[in-house]
Amino acid sequence: VRAICAKFLNQVVLQHNNDGDDNEDDDDSGPIYKPDHICLTNGAVGAIYNTLSIQIENKNDIVVAPLPSYGLYASDTSLLNGTFIPLKCGTAYNGFALSPKDIQR
């Protein structure tokens, strides 16, 4: 399955690189993705959990995420015995943009 995914991705990249431009800098020398570059999961939830699980060993490992954010960052971090630190962003009024003041808190 990973080989099929790699082949598909390489075809997409090749097609994108050759999409009507005559750019001589396009490199069509070979595959960019190999099967061992592909990680398959059962969706975004599994991918996030897997990513956190290889990075969190104990409470000294900290995950910082802006709020509002995807709710499973905090629960997955807790489940994996890490420390979750929410970074409270602005309000809906400013599109929840981070300011230097938000980061200093």
Does [X] use its side chain to pair, donor to acceptor, with the backbone of [Y] at less than 3.5 Å?
X: N10; Y: I32; value: yes
X: T51; Y: A47; value: yes
X: S53; Y: N50; value: yes

Legend entry - Members sharing L52's hydrophobic cluster (side chains within less than 4.5 Å):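 Answer for L52: V45, I48, Y49, I56, V63, Y70, L72, Y73, L79, L80, F84.
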Legend entry - Over 12 non-hydrogen atoms of neighbours within 6.0 angstrom of CD in Q11: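 Above 12, so yes.
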Legend entry - same_hphob_cluster(V12, I4) at 4.5 Å side-chain heavy-atom cutoff: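 Looking at the clustering, I4 is in a separate group from V12.
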Inset, instruction - Please name all residues satisfying side-chain contact (heavy atoms from CB on, under 4.5 Å) with T83, sequence neighbours left out, ordered by chain then number. - result: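 T83 satisfies side-chain contact (heavy atoms from CB on, under 4.5 Å) with K59, I62, I85 only.
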Legend entry - Counterpart residues, side-chain contact (heavy atoms from CB on, under 4.5 Å), relative to I38 (two or more places apart): R2, C5, A6, L9, L40
